[in-house]
Amino acid sequence: METFPKIISVDDHTVEPAHVWRDRLPSKYLDRGPRIVRAPLKEMTFMGGKFAPVMGAKGDDGPIGDWWVYEDLHRPLTRLDTAVGYDRDEIKLEIITYEQMRPGSFSVPERLADMDVNHVQSALCFPTFPRFCGQTFTEAKDRELGLLGVRAYNDWMVEEWCGPEARGRLIPLTLIPLWDAQLAADEVRRNAARGVRAVAFSEIPPHLGLPSIHTDEWDPFLRACDETGTVIAMHIGSSSKMPSTSADAPPAVGSTITFANCCFSMVDWLMSGKFERFPNLRIMYAEGQIGWIPYILERADVVWEENRGWGGVADKVHRPPSELFAEHVYGCFFDDAFGLKNLDSIGVGNVLYETDYPHSDSTWPKSREVGEAQMGHLDADVVDRIVRRNAIDLLGLTDDGLWSGPGGGH
């Protein structure tokens, strides 16, 4: 391609600096709220889709790393959290310190510099310590502290990560207290009032012990998103249960089928009736890729047409699922040549581009080259829609692709 549009990545990640909660929680919570402790690793496994680290005591043998400590939780920073800049064969499941990661993982100036290297103009970032939709706070014992933790993260996201230093190039994505739909709605509205247009949510809430979207339990939250134009962003793994096949399956099995949760989730939403009850709802699937979508839409339409009489959807889904998809759902990809060859069966307006910085799957610093290679058969206006225009429209960005909320803009 002679020119490739500046990328708006709808799925990158931030590794939260050590001060996020230390600076924002009331003093009485500082010894129980999230904080960084440097300690050795006793043992760590990642099998069958389950990550199980054990922190050693001071003075124990073992590699030293930085750990998030919160109530009874001990969660280390790992190379998989921030792998960019390392050879693929050097990326292993190991604990690290902040000094051992690329500074762009947690520092705004360095992040912008790494975005420049990668032909990226703007980026929406998912959390690390809170996990992809705030599961860490949902699992905590102290609900009052958990709510403060969610709000502190959101304040940091809006005021600091996406603050004046970012010059509108970092797009805020906030969290909700998943354990209370009304509190979640309140938090959506609080952040929408300061220009936030995206909120993280779980792809399959029942995996977290929460109600499914087939109930009415989430309606206050969905209504708030519908009324404020807030996009519901669901990342693979946001159900805390990555797809796998057996307890002894190596991580490579789960990594190959990570799209499966997005697939299951999308069918849930298409058959839930929520898009007809809340016509302004928009949802997106981060890091789910797109090549699987055409068959699912075909099958969903057949089931809706042929089996809706006994399938439990006749009274709430009144249009073909593929039509609902076209109006409400966005698939996100960073490396999916097959999906791009079948774009007509997905919809040009339903696809968003991402770079997954700084994770091990990231196409950084060659996201432009990957895009050029995989989109070379597409018209320039189609490429522009995929790489930036769809994201601008969905997230309410300026025509220049910048966030214009408080602290944002030029």
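Bear in mind that the values here come from a model prediction, so they are computed numbers and not experimental data.
- Interatomic distance, Glu16 CD to Trp161 CH2, rounded to the nearest 0.5 Å: 9.0 Å.
- Taking the six-membered ring for Trp and thresholds of 30 and 60 degrees, Phe132 and His359 have ring planes inclined between 30 and 60 degrees apart.
- Distance alone, capped at 3.5 Å, places no donor-acceptor pair between the Glu43 side chain and the Pro53 backbone.
- Taken from CD1 in Ile213 to CG in Leu210, the straight-line distance is 13.0 Å, to the nearest 0.5 Å.
- The two residues Ile64 and Arg38 have their closest heavy-atom pair at CG2-CG, 3.5 Å.
- Side chain of Gln374 to main chain of Gly371: no donor-acceptor pair is present (N/O by atom type, distance under 3.5 Å, no hydrogens or angles).
- Side chain of Ser105 to backbone of Met101: no donor-acceptor contact under 3.5 angstrom is found.
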### Query
Yes or no on ring-ring contact (aromatic ring centres under 6.0 Å, His included) for Tyr285 and Tyr330, after CA distance, side-chain angles and deciding distance?
CA-CA 6 Å; Tyr285 287 102; Tyr330 295 78; over 10 Å; no
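- Residues Trp269 and Phe275 meet the side-chain proximity criterion, which asks for heavy atoms closer than 4.5 Å.
- Here the straight-line distance linking atom CG of Leu297 with atom OG of Ser345 works out to 9.0 Å at 0.5 Å rounding.
- Here Lys141 pairs with Asp72 in a salt bridge; the nearest charged N to carboxylate O distance falls below 4.0 Å.
- Taking the ring centre of Trp21 as origin, the terminal cationic atom of Arg24 falls outside the region bounded by 6.0 Å and 45° from the ring axis.
- Val317 is not listed as a side-chain neighbour of Leu270, based on a closest heavy-atom distance of 4.5 Å or more.
- Using a cut-off of 4.0 Å between Lys/Arg side-chain N and Asp/Glu carboxylate O, Arg111 and Asp116 are scored as not salt-bridged.
- No side-chain heavy atom of Val150 sits under 4.5 Å from any side-chain heavy atom of Ile176.
- In this structure, His74 contributes its side chain and Gly56 its backbone to no donor-acceptor pair below 3.5 Å.
- A salt bridge does not link Lys316 to Glu276: none of the charged nitrogens lies less than 4.0 Å from a carboxylate oxygen.
- Within the model, atoms CD of Glu160 and CG of Asp155 stand 11.0 Å from one another, a figure rounded to the nearest 0.5 Å.
- Of the possible donor and acceptor atoms, none in the side chain of Gln182 sits under 3.5 Å from a partner among the backbone N and O of Pro220.
- With contacts defined as side-chain heavy-atom distances shorter than 4.5 Å, the pair Val383/Pro5 qualifies.
- If you check the side chains of Ser9 and Glu354, you find no donor sitting under 3.5 Å from an acceptor.
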### Message
Assess the residue pair Phe129 and Val15 against the criterion (side chain to side chain contact (heavy atoms under 4.5 Å, CB included)); give the C-alpha distance rounded to whole Å, side-chain angles, the decisive distance to 0.1 Å, and a yes or no.
### Response
CA-CA 7 Å; Phe129 168 71; Val15 177; over 6 Å; no
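- In terms of modelled atom types and a separation under 3.5 Å, the side chain of Glu139 and the main chain of Phe137 share no donor-acceptor contact.
- With hydrogens and angles left out, the side-chain atoms of Asp356 and His13 include a donor and acceptor closer than 3.5 Å.
- Side chain of Asp66 to backbone of Leu77: no donor-acceptor contact under 3.5 angstrom is found.
- A 4.5 Å side-chain heavy-atom check between Leu93 and Phe51 finds at least one atom pair inside the cut-off.
- In this structure, Arg79 forms a cation-pi arrangement with Tyr86, its terminal cationic atom sitting closer than 6.0 Å to the ring centre and no more than 45° off the ring axis.
- Defined by atom type and a distance below 3.5 Å, a donor-acceptor pair is missing between the side-chain atoms of Thr128 and Asp81.
- A salt bridge is absent between Asp400 and Arg169: the closest approach of a Lys/Arg side-chain nitrogen to an acidic carboxylate oxygen does not fall below 4.0 angstrom.
- Side-chain atoms of Thr136 and Tyr70, non-hydrogen and from C-beta on, do get closer than 4.5 Å to each other.
- Ser212 and Asp268 are not linked by any side-chain donor-acceptor pair at a separation below 3.5 angstrom, with hydrogens and angles left out of the test.
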### Query
Stepwise, does the side chain to side chain contact (heavy atoms under 4.5 Å, CB included) test hold for Phe333 with Leu340?
CA-CA 10 Å; Phe333 78 100; Leu340 289 167; 3.7 Å; yes
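- Using a cutoff of 4.0 Å between basic side-chain nitrogens and carboxylate oxygens, Arg385 and Asp381 are not scored as salt-bridged.
- Across all non-hydrogen atoms, the minimal contact from Phe126 to Ala233 is CZ-CB, 3.8 Å.
- Remark: the backbone N or O of Asn261 is not paired with any side-chain donor or acceptor of Ser265 at under 3.5 angstrom.
- Checking side-chain atoms of Trp218 against main-chain N and O of His214 turns up no donor-acceptor pair under 3.5 Å.
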### Message
Run the side chain to side chain contact (heavy atoms under 4.5 Å, CB included) test on Glu287 and Thr258 for me, step by step, so that the C-alpha distance in whole Å, both residues' side-chain angles and the decisive distance to 0.1 Å come before the verdict.
### Response
CA-CA 8 Å; Glu287 208 173 320; Thr258 50; 5.9 Å; no
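- For Ser122 against Ile171, the heavy-atom pair with the smallest separation is CB-CD1, 3.9 Å.
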### Query
What's the verdict on salt bridge (charged side-chain N to carboxylate O under 4.0 Å, His left out) for Arg143 and Asp180, showing C-alpha distance, side-chain angles and the deciding distance?
CA-CA 10 Å; Arg143 289 290 195 225; Asp180 187 311; over 6 Å; no
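- The two atoms that bring Gly65 and Ile95 nearest to each other are N-CD1, 3.4 Å, heavy atoms only.
- The 12-atom threshold is exceeded at CG of Asp315, counting heavy atoms of other residues, nucleotides or ligands nearer than 6.0 Å.
- The closest side-chain heavy-atom distance from Trp364 to Asp12 is not below 4.5 Å.
- Inspection of the Glu227 and Asn280 side chains reveals no N or O donor paired with an N or O acceptor under 3.5 Å.
- In this structure, the separation between CD1 on Ile8 and CG on Asn390 is 10.0 Å, given to the nearest 0.5 Å.
- A donor-acceptor contact closer than 3.5 angstrom links the side chains of Asp114 and Tyr357.
- Salt-bridge formation is not detected for the pair Glu372/Lys366: no Lys NZ or Arg NE/NH1/NH2 atom is positioned less than 4.0 Å from an Asp or Glu carboxylate oxygen.
- In this structure, Gln121 contributes its side chain and Leu402 its backbone to no donor-acceptor pair below 3.5 Å.
- Under the 4.0 Å criterion applied to side-chain N and carboxylate O atoms, Arg282 and Asp226 are not assigned as salt-bridge partners.
- Of the charged side-chain nitrogens involved, none lies within less than 4.0 Å of a carboxylate oxygen, so that Asp336 and Lys341 do not count as a salt-bridged pair.
- To the nearest 0.5 Å, atom CE of residue Met234 and atom CE of residue Met266 are 10.5 Å apart.
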### Task
Starting from the C-alpha separation in whole Å, work towards a yes-or-no answer on side chain to side chain contact (heavy atoms under 4.5 Å, CB included) for Trp403 and Cys162.
CA-CA 9 Å; Trp403 180 58; Cys162 301; 3.9 Å; yes
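- When side chains are defined from C-beta on, Arg190 counts as touching Asn154, because their heavy atoms get closer than 4.5 Å.
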### Message
Test side-chain hydrogen bond (donor to acceptor under 3.5 Å, both in side chains) on Asp335 and Thr363; report intermediate values, then the result.
### Response
CA-CA 8 Å; Asp335 186 0; Thr363 51; over 6 Å; no
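- Residues Cys263 and Ile296 approach most closely at SG-CD1, 3.4 Å, considering heavy atoms.
- Between Leu175 and Cys133, the shortest heavy-atom distance links the atoms CD2-C, 3.9 Å.
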